> 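Pasting in a structure now, in structure tokens, and then I'll have a few things to ask.
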Amino acid sequence: MKIFKVKRFLLSILSLFALSVASAQNPLITNQFTADPSARVFGDSIYIYPSHDILANKVRGRMGWFCMEDYHVFSSANLTDWKDHGVIVTQNKVPWVKPDSYSMWAPDCVERNGKYYFYFPSTPKDTTLGRGFKIGVAVADQPTGPFIPQQKPIEGVNGIDPNVFIDKDGQAYIYWSQGNIYAAKLKDNMLELASKPVILQELPTKGLKEGPYLFERNGIYYLTYPHVENKTERLEYAIADNPLGPFKMTGVIMDETPGCWTNHHSILPFKKQWYLFYHANDLSPEFDKARSIRADSLSFNADGTIQKVTPTLRGVGITMANQKIQIDRYSEISSKGASIAFVDTLNKFDGWKLILDHDKAWAKYNNIDFGDGKLKHLKMRLRSINGGDIQIKISDQIKTEYINAKVVSGHDWVIVEVPLLGISKIEGIKNLTVSNLKNTSVEIDWMTFTN
Ligand code: FUB
């Protein structure tokens, strides 16, 4: 009885941990590395099934290479607050996976008839299955698990980066990569192939292609994939009038990311807007096998072609004024005297700060929700070695309000609180711009509004 109670207590602590909520822009997750985001809408939330990069060391993985042991799932109903539901599949609990391979690469997850099918590649422990990666499935009744892995990987599939698409007629297809991009039909059980794999022929023949992701919009089937056209990966797409092609190479969705060799993505609509989920290496600029997932809005032209997406720091979603507004994730910045840097270069998970080191330097953060106007104070974490003066402008198309603040000189961070006096009630969605009024350097970690 006692053991049972202790176990229940530990489980409740664990589930609290698994439900940690973080509010973020780009990157979306800032307390761990995440890559290869497969985003899906289940119910009224977005779920992201990313890879989980960790750093290899002498006892795990291969130094200087990808090191991935397990998968977490994250969810959000507003694209701003992300819940980490904890580990859903881990290498040493999958019967067919070599338990110390650290090769749990890019996954995907789809729902069919109330069951959730999680597809993931890894290295098999049975060497008679051949060299390289196989792809397995784990099944759950909920998007967050518990996921039960199948005993064996899918027969007939060799490669990485599974992606599953269910067409309007109910036929499911699986896509994956191994140099080329392959596709096959899946049986209704979602666990076995229903047709022989085919190579999708009409794609670029020079340069690595991987990470296929197929979606349909207005009768056009978009096969999207990272491809090395030059020296590193960019996101491209080809279109067809059915899920197996022939496809016609059509364009580039996102250019190469300087400093990050890979990119890997998913594309989907959520609440009437299309989004591109992808990755870069924001939290690890010197090592691009420790990546971070991001999201930006995506739009189509009238003829169905995709408009190229420019990566932003601001990302997507509305930020509540009473949450920490990370102004270093700006939507616009002045060309002179404004920059960002890590708050603590020894602990990059602490995030970034905005540095305004010239008179008139500024940064703007859009889409902040002030609700019904009850917030009465502006609170900021600031630092200025020589002391400074800043101005905060809160505006929409109709009204602009200004708040001035002083930063005392010193080497330490200080919390500065300014009452919102002498200005009219601030309510609804606004943009915030912070400007330097002096020729001294002011650093801003975050800003928020309180009652
Ligand atoms: O995350 C490991 C590999 O890097 C993925 O499987 C590829 O798509 C690339 O993102």
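Just so it is clear, the values below take in all heavy atoms, side chains as well, and ignore hydrogens, waters and symmetry mates. Here the structure is a predicted model, which means the values were calculated and not measured. For ligands, and for the atoms within them, numbers begin at 1 and follow the listed sequence.
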> Please list, in number order, the atoms of ligand 1 under 4.0 Å from a heavy atom of His279.
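So the answer, numbered in order with elements, is 10 (O).
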> Backbone N or O of Leu186 within a donor-acceptor pair of the Gln171 side chain at under 3.5 Å?
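Checking the backbone N and O of Leu186 against the side chain of Gln171, a donor-acceptor pair under 3.5 Å is found.
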> Identify the protein heavy atom lying closest to atom 4 (O) of ligand 1, giving its residue, its atom name and the separation to 0.1 Å.
Arg291 NH1, 3.2 Å
> Hey, which atoms in ligand 1 end up nearer than 4.0 Å to a heavy atom of Phe66?
4 (O)
> Assess, by modelled atom type and distance only, whether the side chains of Asp344 and Asn347 contain a donor and an acceptor separated by less than 3.5 Å.
no
> Could you check whether atom NZ of Lys152 has more than 12 heavy atoms from other residues, nucleotides or ligands sitting under 6.0 Å from it?
no
> Could you pull out, from Asp53, Asp161, Asn263, Thr262, the option with a heavy atom nearest to atom 7 (C) of ligand 1?
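The option holding the nearest heavy atom is Asp161.
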> Does Arg217 qualify as a cation-pi partner of Tyr222, given the criterion of NZ or CZ under 6.0 Å from the six-membered ring centre and within 45 degrees of its axis?
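Geometry flag: not set, cation outside 6.0 Å or 45°.
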> To the nearest 0.5 Å, tell me how far Met447 CE sits from Leu354 CG.
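Reported to 0.5 Å precision, the distance equals 9.0 Å.
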> Using a 4.0 Å cutoff against the non-hydrogen atoms of His264, which atoms of ligand 1 qualify?
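Listed by number with element: 7 (C), 8 (O), 10 (O).
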> Below 4.0 angstrom from a heavy atom of Met68, which ligand 1 atoms are there? Numbered from 1 as shown, please.
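Close to Met68: 1 (O), 2 (C).
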> Checking a contact table here: which protein heavy atom is nearest atom 10 (O) of ligand 1, and how many Å away?
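Ranking protein heavy atoms by distance from atom 10 (O) of ligand 1, first comes Asp36 OD1, 2.7 Å.
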> Considering only non-hydrogen protein atoms, determine which one is nearest to atom 3 (C) of ligand 1 and report residue, atom name and distance to 0.1 Å.
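Heavy-atom neighbour on the protein nearest atom 3 (C) of ligand 1: Trp105 CE3, 3.7 Å.
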> Does the structure place the NZ or CZ of Lys185 under 6.0 Å from the centre of the six-membered ring of Tyr173, at an angle of no more than 45° from the ring's axis?
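Relative to the ring axis of Tyr173, which defines the angle, Lys185 lies outside at least one limit.
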> Does the Lys NZ or Arg CZ of Arg314 fall within the cation-pi geometry relative to Tyr365 - under 6.0 Å from the ring centre and within 45° of the axis?
yes
> Report, in ascending order of atom number, the atoms of ligand 1 lying under 4.0 Å from any heavy atom of Ala106.
6 (O)
> At less than 4.0 angstrom from any non-hydrogen atom of Glu210, what atoms of ligand 1 do you find?
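Near Glu210, meaning under 4.0 Å from one of its heavy atoms, ligand 1 has 7 (C), 8 (O), 9 (C).
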